[in-house]
Novice: 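Okay, handing you the structure first.
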Amino acid sequence: MASSGLELLWVSAPQLAQGIGRTLGISLLAIVFSSVGGFIYGVLRNLGVRWIDGVLRVYLELFRAIPVLVWLYLFFFGLPIFIGWSIPGFWCAVLVLSLWGASETGEVVRGALRSIPGGQREAGLAIGLRQLQLYGRVLLPQALRRMTPPLINVFTRLIKTSSLAVLIGVVDVIKIGQQIIERTYESVLIYGFLFVFFFLACYPLSAASRVLERRWNHS
Amino acid sequence: MAFDVEFALSTLPAFVSAVGVTLQVGFIAIGTSLCVALINAAITAFGWPILRPLVRVYVELARNTPLLIQLFFIYFALPALGIRLSGFASAIIAMTFMGGAYLTEILRAGIDAVPRSQIESGLSIGLSRWQLLRHVILPQAGILSLPALFANFIFLLKETTVVSAVAVPEILYTTKSYIALYYKTYEMLAVMTGLCVLLFVPMSLLLRLIERRLQHGQFGS
């Protein structure tokens with residue numbers, strides 16, 4: 001079994017690689033978009049403008065409270081009937097994960113910005129920096145240390161959650177695995193492989209986050 | 001397109017029982033996860049030699065893999081090894097596997113936050129290790145980790161949506177089957193969204209409230 005199992009994985013490698021590419025593609029795109037969206041969210045929340053705060057809080061509560069899978073179904077089945085857009089499952093997953101991820105990263109960024117002493121902002125304004133310069137050169141660089149470990153944790157959650165894409169019909173690594181099982185009945189091997197694959201994708205990140213947190217907390 | 005109110009209403013009984021299933025899976029999983037976490041916390045606190053590294057391995061494995069894969073492994077792969085479980089049982093086991101690891105980490109962080117002097121004083125007045133854990137460490141660690149525990153209870157309740165993938169008739173599965181049977185996508189998405197908003201948004205707001213209260217309270221320190 002062991003040798004035939006490895007053989008099966010070897011033979012299926014090109015197919016699996018394609019699925020891995022799609023799974024990691026969704027994750028990476030969602031990580032990039034979430035980071036951009038999260039930084040914008042964090043800075044906007046930090047400006048303290050009433051109505052912007054209100055709008056963003058509703059957005060945050062909705063994406064925090066309602067499970068990602070529900071959002072996936074809403075966008076995948078709902079967009080075609082509500083606004084007549086039919087987007088492919090892949091991009092639907094990227095969109096939903098990005099919106100969810102941006103709310104999570106956004107809260108991390110906001111928290112990190114809030115933890116910076118007020119004197120920094122006042123000093124920046126006193127020497128005549130504009131808002132953009134204040135954030136780009138003073139506040140965000142300082143907040144970066146504080147936000148990096150939790151941000152990495154959000155990224156691992158995005159990778160894990162990208163697995164849900166299979167439920168709206170994306171042919172990701174899980175679907176490819178299921179197709180191989182249909183042919184070969186090697187369910188233990190394939191699900192074992194998927195387990196290891198996701199573990200290898202996430203563990204280095206969560207370990208790095210822990211190391212960084214410990215190191216930066218002490219300094 | 002017109003919203004078929006009559007149809008939406010006719011599905012309500014099914015959705016009522018679906019909410020019941022969601023809550024049932026969620027609360028059972030919270031209970032079992034808490035048991036697993038308490039056992040693991042005791043193992044970690046006592047520092048038992050072989051079990052302690054095993055707890056670490058378990059926590060890392062469970063936290064760094066998606067619930068969906070854990071669920072599929074239990075539901076689709078275990079039968080090949082002669083273990084055949086219903087969707088419901090698979091759901092509970094998978095959610096306990098994942099939830100137990102998350103809660104273990106939270107309790108560990110809580111235990112770490114109990115001041116050393118508390119433990120030393122406990123030992124110096126002659127408490128046994130079990131008494132120390134039960135009367136000194138766990139009460140304080142429990143209060144310290146309460147907000148995080150609540151957050152994870154809600155996280156687990158939300159994760160029950162994933163078990164729709166193994167035919168457990170909770171909210172999402174019911175939605176999907178009605179859509180597949182009657183093509184009433186519009187109505188069913190509306191019912192699904194409405195139920196989720198009613199169920200999860202108040203929980204989320206309640207959590208925010210608890211977090212704020214406990215932050216100000218600073219119990220146990």
Side-chain angles (χ1 to χ4, degrees), chain A residues 23 57-58 60-82 153 156-168 172-174 177-178 181 185-207 210, chain B residues 1 22 59-81 83 98 105 151 154-155 157-165 171-173 175-176 179 183-190 192-193 195-208:
Chain A
T23 296
R57 271 178 66 173
V58 172
L60 171 77
E61 279 309 326
L62 284 178
F63 272 90
R64 273 222 165 150
I66 296 176
V68 181
L69 190 54
V70 174
W71 283 114
L72 273 177
Y73 282 146
L74 261 181
F75 275 70
F76 189 67
F77 296 115
L79 283 187
I81 36 175
F82 291 125
N153 280 334
T156 63
R157 281 168 65 202
L158 277 168
I159 296 174
K160 285 188 288 177
T161 313
S162 74
S163 65
L164 298 181
V166 72
L167 299 178
I168 55 165
D172 66 347
V173 69
I174 304 173
Q178 288 172 338
I181 293 171
Y185 299 105
E186 289 283 4
S187 54
V188 177
L189 178 77
I190 295 297
Y191 281 116
F193 165 79
L194 288 173
F195 196 91
V196 171
F197 161 72
F198 276 103
F199 182 76
L200 291 181
C202 295
Y203 180 71
L205 285 176
S206 45
R210 202 161 32 216
Chain B
M1 96 228 58
T22 293
V59 167
E60 293 301 336
L61 280 180
R63 278 168 52 100
N64 287 296
T65 48
L67 175 63
L68 189 67
I69 298 293
Q70 298 164 3
L71 188 65
F72 279 171
F73 191 91
I74 292 166
Y75 190 68
F76 292 120
L78 285 189
L81 301 172
I83 305 168
M98 183 195 66
E105 275 296 274
I154 291 174
F155 166 72
L157 277 168
K158 280 161 53 189
E159 287 292 284
T160 57
T161 49
V162 174
V163 309
S164 62
I171 299 170
L172 283 208
Y173 182 80
T175 307
K176 265 196 310 182
I179 290 176
Y183 293 109
K184 297 276 188 188
T185 315
Y186 186 27
E187 288 79 2
M188 290 301 91
L189 286 182
M192 171 187 83
T193 312
L195 284 178
C196 285
V197 169
L198 281 179
L199 204 60
F200 296 123
V201 172
M203 280 186 206
S204 191
L205 294 176
L206 183 72
L207 172 69
R208 215 53 43 77

Novice: With rounding to the nearest 0.5 angstrom, report the SG to CG distance, B/Cys196 to A/Leu69.
Specialist: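 Rounded to the nearest 0.5 Å, the SG-CG separation comes to 9.5 Å.
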
Novice: Measuring from B/Thr193:OG1 to A/Tyr73:OH, what's the distance to the nearest 0.5 Å?
Specialist: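 The distance works out to 13.0 Å.
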
Novice: Just wondering, do B/Met188 and A/Phe77 contact through their side chains at under 4.5 Å, heavy atoms?
Specialist: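 SC-SC contact between A/Phe77 and B/Met188 ruled out.
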
Novice: Considering only heavy atoms from C-beta outward, does the side chain of A/Leu167 approach that of B/Leu68 to under 4.5 Å?
Specialist: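 When only atoms from C-beta onward are counted, B/Leu68 and A/Leu167 do touch, with a gap below 4.5 Å.
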
Novice: Quick one: CG on A/Leu194 to OG1 on B/Thr65, what's the gap to the nearest 0.5 Å?
Specialist: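 Between atom CG of A/Leu194 and atom OG1 of B/Thr65 there are 11.0 Å.
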
Novice: Let me confirm one number: the CZ-CD1 distance from B/Phe76 to A/Ile181, rounded to the nearest 0.5 Å.
Specialist: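 The CD1 atom of A/Ile181 is 8.5 Å from CZ of B/Phe76, to the nearest 0.5 Å.
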
Novice: At what distance, to the nearest 0.5 angstrom, does CZ of A/Phe193 lie from CD1 of B/Ile69?
Specialist: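 Separation between the atoms: 10.0 Å.
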
Novice: When you measure from the side chain of A/Lys160 to the backbone of B/Arg63, do you find a donor-acceptor pair of N or O atoms at a distance under 3.5 Å?
Specialist: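 Here the side-chain-to-backbone pair exists.
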
Novice: So which part of A/Thr156 gets closer than 4.5 Å to some heavy atom of chain B, the side chain, the backbone, both or neither?
Specialist: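 A/Thr156 has no heavy atom closer than 4.5 Å to chain B.
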
Novice: Is B/Arg208 in contact with chain A via its backbone, its side chain, both, or neither, using a 4.5 Å heavy-atom distance?
Specialist: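 Side chain only.
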
Novice: Heavy-atom cut-off 4.5 Å, strictly under: side chain, backbone, both or neither for B/Leu78 against chain A?
Specialist: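 Answer is neither: B/Leu78 stays 4.5 Å or more from chain A.
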
Novice: So which of B/Thr161, B/Val197, B/Leu199 actually passes side-chain contact (heavy atoms from CB on, under 4.5 Å) with A/Ile66?
Specialist: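 Between A/Ile66 and the candidates, side-chain contact (heavy atoms from CB on, under 4.5 Å) is satisfied uniquely by B/Val197.
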
Novice: To check you understand the geometry: which heavy-atom pair defines the closest contact between B/Glu60 and A/Tyr203, and what is its length?
Specialist: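 That closest heavy-atom pairing would be OE1-CE1, 3.3 Å.
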
Novice: Minimum heavy-atom separation for A/Ala65 and B/Phe200, please, with both atom names.
Specialist: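 Closest heavy-atom pair between A/Ala65 and B/Phe200: O-CB, 3.1 Å.
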
Novice: Below 4.5 Å from any heavy atom of chain B, which atoms of A/Val196 appear? Answer side chain, backbone, both or neither.
Specialist: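 Neither the backbone nor the side chain of A/Val196 comes within 4.5 Å of chain B.
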
Novice: Counting only heavy atoms not in A/Phe195, do more than 12 fall under 6.0 Å of its CZ?
Specialist: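 Yes, the 6.0 Å shell around CZ holds more than 12 heavy atoms from other groups.
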
Novice: Given that the side chain runs from C-beta out, which part of B/Thr160 has a heavy atom under 4.5 Å from chain A: side chain, backbone, both or neither?
Specialist: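 Neither part; nothing is under 4.5 Å.
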
Novice: Is the A/Tyr191 ring parallel, tilted or perpendicular to the B/Phe73 ring (thresholds 30°, 60°)?
Specialist: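 Correct class here is perpendicular.
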
Novice: Can you say whether B/Met192 sits under 4.5 Å from chain A via the side chain, the backbone, both, or neither, judging by heavy atoms?
Specialist: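 It is the side chain, since no backbone atom gets that close.
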
